[in-house]
Amino acid sequence: MEFSATQIAALVNGTVEGNGDAKVSTFAKIEEGHPGAISFLANPKYTHYLYNTGSSVVLIRRDFHLEHPVKATLIRVDDPYATVAQLLDMVSKMSAPHPAGLEQPCHVAAGVTVGDDVYVGAFSYVAEGVRLGKGVKIYPQCYVGPGVEIGDNTILYPGVKIYHGCKIGAGCILHSGAVVGADGFGFAPVNGVYNKIPQIGIVVLEDNVEIGANTTIDRATMGCTRIKKGVKLDNLIQVAHNCEIGENTVMASQAGVAGSTKIGANCMVGGQTGFAGHIHVGDNVQIGAQSGLNKDIAPGSRIMGYPAVDIKDFARQTVNVKNLGKLYDEVSRIKKELNNK
């Protein structure tokens, strides 16, 4: 597919600066630009690439001030990063396959409610009592347990497993290997033996949630583990039983959330962050990578470290640790001088 700069600007409410007839048919990073590609400039660190990029078209902010002439046609928009995401979404929807129907062999139990334009791939298993909304796509080798509900236009990529009774909202994406509704890690020690506590709750994913590959979300002991609408979880994340993750929170790879912890809305969680159980993290919290949280966190905090502290305090701690060697040498010198007097 090929589009002109003028056509693209009309799609994204942008303003063309340069040759409106410049044609593009692919995307490229600004530092790897080539003729026929569209790039974007969002990070100031990449500004110098704008003046010699080989891309035919570049998205820039409306208020960006040019310091030198550019070869590329520019499209000025409010937010280049959001705009390129919008364009990628358009291209993806136009070019992505749209499978439909039931491939064989697959198993769809009698009485399953199947909406219009549903796809179930080969070797998938859909158990009794399942309700599939319209446009649901279940790729090969998925398991959908008894009583599961899946909302409209949700996608289950190959190998997703959803245990019995769980509820998945509309517009969700679950990537390969994701497991929703496995037992929570609940055991009662009795006379040196750990007796299993039955996990009779469920998992609820609200609308427009995305779950990364090999991420696991455990069912509740009682009630539900809830992932609220708009949450985006990266690959290889563990969410334990009875947790709650608030609306539009994003969490990077290898984070782990222990049981009954509540994370607020619009939080940003760096990779390999660990959450102790039964704590509450407020809304709009930003957490640096590899942090460890063992207590409640106030809304709007920016924290990092183990245990996590205010990010400014973490920066001071880091500087102090780097200077410990010098401090040790200085104390040793003073101690030696005192002993020699």
Side-chain angles (χ1 to χ4, degrees), residues 1 88-184 199-220 224-239 241 245 251 253:
M1 292 176 288
L88 286 167
D89 182 61
M90 291 177 182
V91 170
S92 175
K93 288 177 178 176
M94 287 188 289
S95 60
H98 296 281
L102 307 182
E103 289 182 353
Q104 296 303 324
C106 71
H107 174 81
V108 178
V112 169
T113 300
V114 180
D116 295 337
D117 195 30
V118 163
Y119 165 69
V120 179
F123 302 104
S124 286
Y125 184 101
V126 181
E128 63 275 6
V130 169
R131 299 174 63 88
L132 304 178
K134 65 181 181 181
V136 168
K137 308 298 181 190
I138 299 175
Y139 282 83
Q141 299 182 335
C142 289
Y143 171 81
V144 181
V148 167
E149 297 180 12
I150 300 179
D152 296 347
N153 301 311
T154 282
I155 299 173
L156 275 55
Y157 281 110
V160 170
K161 309 295 187 292
I162 304 178
Y163 285 36
H164 60 280
C166 294
K167 301 182 187 301
I168 312 297
C172 295
I173 300 174
L174 281 70
H175 289 280
S176 294
V179 178
V180 176
D183 281 357
Q199 307 291 293
I200 62 172
I202 62 171
V203 173
V204 175
L205 306 187
E206 297 184 359
D207 296 346
N208 300 314
V209 168
E210 184 158 350
I211 305 298
N214 295 320
T215 284
T216 56
I217 304 172
D218 289 347
R219 69 194 312 110
C224 72
T225 301
R226 184 175 293 274
I227 311 299
K228 293 192 173 182
K229 66 180 181 180
V231 168
K232 314 299 180 187
L233 302 183
D234 198 359
N235 306 329
L236 297 167
I237 288 174
Q238 157 66 8
V239 180
H241 60 88
I245 299 180
M251 189 175 296
S253 179

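The chain is numbered in sequence order, starting from 1.
- Heavy-atom minimum distance, His241 versus Asp218: N-CB, 3.8 Å.
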Side-chain polar contacts of residues 163-173 - donor-acceptor pairs under 3.5 angstrom, sequence neighbours left out - could you list them?
unit_1 : atom_1 : unit_2 : atom_2 : d
His164 : NE2    : Arg219 : NH2    : 3.3
Lys167 : NZ     : Glu149 : OE2    : 3.3

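- Counting all heavy atoms, side chain and backbone alike, Ile237 lies closest to Met251 at CD1-O, 3.3 Å.
- Atom CE in Met94 sits 9.5 Å away from atom CG in Asp89 (nearest 0.5 Å).
- Evaluation of the side-chain hydrogen bond (donor to acceptor under 3.5 Å, both in side chains) test over residues 94-114, restricted to residues two or more places apart or in two chains, returns Glu103-Tyr119.
- When atom types are taken as modelled, the side chain of Thr225 and the backbone of Val203 share no donor-acceptor pair closer than 3.5 angstrom.
- For the pair Phe123/Cys106, no side-chain contact is recorded, criterion being any heavy-atom separation below 4.5 Å from C-beta on.
- For Ser253 (side chain) and Asn235 (main-chain N/O), a donor-acceptor pair under 3.5 Å exists by modelled atom type.
- Proximity of a side-chain donor or acceptor of Glu206 to a complementary backbone N or O of Lys229 within less than 3.5 Å is detected.
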Return a table of donor-acceptor pairs under 3.5 angstrom between the side chains of residues 129-148 and protein atoms on other chains or two or more places apart.
unit_1 : atom_1 : unit_2 : atom_2 : d
Lys137 : NZ     : Pro99  : O      : 2.8
Lys137 : NZ     : Asp117 : O      : 3.0

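- No option in Leu205, Ile217, Thr215 other than Leu205 meets the side chain to side chain contact (heavy atoms under 4.5 Å, CB included) test with Leu174.
- Inter-residue side-chain proximity for Val160 and Ile211 is flagged as unmet; no heavy-atom pair is nearer than 4.5 Å.
- Counting heavy atoms from C-beta outward, Val126 and Val114 have side chains that stay 4.5 Å or more apart.
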